[in-house]
Protein chains: 2
Amino acid sequence: MIMDDLLLILKAMSDKNRVRIFNALQSHEELCACQLTELLEVTGATASRHLSQMVRAGILKNRKHGRWIYFRLNTENILLDSFFKWVKQQLHGSNQADKDLKTLEQIMGVPCEDLCRKQRGGASCAKHKQEI
Amino acid sequence: MIMDDLLLILKAMSDKNRVRIFNALQSHEELCACQLTELLEVTGATASRHLSQMVRAGILKNRKHGRWIYFRLNTENILLDSFFKWVKQQLHGSNQADKDLKTLEQIMGVPCEDLCRKQRGGASCAKHKQEI
DNA sequence: ACAACAATTAGTCATTTAGCTAAATATAAA
DNA sequence: TTTATATTTAGCTAAATGACTAATTGTTGT
């Protein structure tokens, strides 16, 4: 492999939010952009940038369904397989990783429509902002 | 593992110069700071910073011998083992990696004293600088 | 003790990166 | 076809990173 391509993969995995996305998709097969946005507590734009960087590196695949876009790990790429396994193994016992999975369970209980409404409602990640 | 520790490892491997150091030590067991400085064509200070970041992440070990310091991969850490294997495998066939190994052969033919003299002689990485 | 010297650390600066808001795109529903 | 809306892209700012030079540290040899 060209060294720059390897670096693309490694860089795509050396950020906390992106590792959290990886962890989430390790145990949920497929998640909507708005669900991951909700998990990370960042703006949709920020989540989108992280996600597209991971897609560019070949770590994720995405699927469009209506106006929702679902992401999942790219398990087709055999080269990545043992890397994924290793990262997963290292995340075992991580507080952050465990907490995220619990949070995700709650997020999964809310329909995407509601998540999106909440996110555009201004409350997204600035906690103290008030309704007008 | 704590997620931040995992990130320390991943970040330590997501830079071209540091991957090149990894590659060099993958096939040379132990190398002096000045040899790696020579390979990367950066200043000694820059090489030193990369090396210490890798040591901090647990990827490298170092050994002091007189005023020379030798670095090698930390093969004692079993957790890193399969990660190292994976990176090594991905580097297979990389032009940069191959070129570096050839360059290293030449570097190994020069005693450290000479490398260091050359490096402090000002020529280090600014190619056009002239002797006074 | 002192001079020479390999490596590291401190201090700067330029580049990259991650976050935000706002504008643009693309799909769904009215 | 118009309106609403989920995601992406553009433009900006602040923080992180990597490179350099200069100063410091710790070891060798005189």
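Chain letters run A, B, ... following the sequence lines, proteins first, then strands; residues in each count from 1. Computed from a predicted structure; not experimentally measured.
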J.: So, are A:D114 and A:K118 salt-bridged, with charged N and O less than 4.0 Å apart?
T.: no
J.: Mind checking A:C112 for me? I need base, sugar-phosphate or nothing, with any heavy atom below 4.0 Å counting as a touch.
T.: nothing
J.: Take A:S52 and B:S14, find for each the nucleotide of DNA chain D with the closest heavy atom, and name the residue whose nucleotide sits nearer the 5' end.
T.: A:S52
J.: Mind listing the closest non-hydrogen atom pair of A:L10 and B:W86 along with its distance?
T.: CD2-CZ3, 4.2 Å
J.: With sequence neighbours excluded, tell me which residues meet salt bridge (Lys or Arg N to Asp or Glu O under 4.0 Å) with B:K64.
T.: none
J.: Tell me which nucleotide among C:dT27, D:dT7, D:dG11 gets nearest to the side chain of A:R49.
T.: D:dG11
J.: Mind checking if B:A47 touches a base, just sugar-phosphate, or nothing, with heavy atoms under 4.0 Å?
T.: nothing
J.: Between the two ends of the helix from C:dA1-D:dT30 to C:dA30-D:dT1, what is the bend in degrees, rounded to 10 degrees, where each end axis spans five pairs?
T.: 30°
J.: Which residue, A:A45 or A:E113, contacts DNA chain D at a nucleotide closer to its 5' end, judged by nearest heavy atom?
T.: A:E113
J.: By nearest atom, which of the nucleotides D:dT17, C:dT8, C:dA28 is closest to the B:S48 side chain?
T.: C:dT8
J.: Applying a 4.0 Å non-hydrogen cut-off, can you work out what A:F71 is touching in the nucleic acid: base, sugar-phosphate, or nothing?
T.: sugar-phosphate
J.: Considering only D:dT7, D:dA19, D:dT5, which nucleotide approaches the side chain of A:C34 most closely?
T.: D:dT7
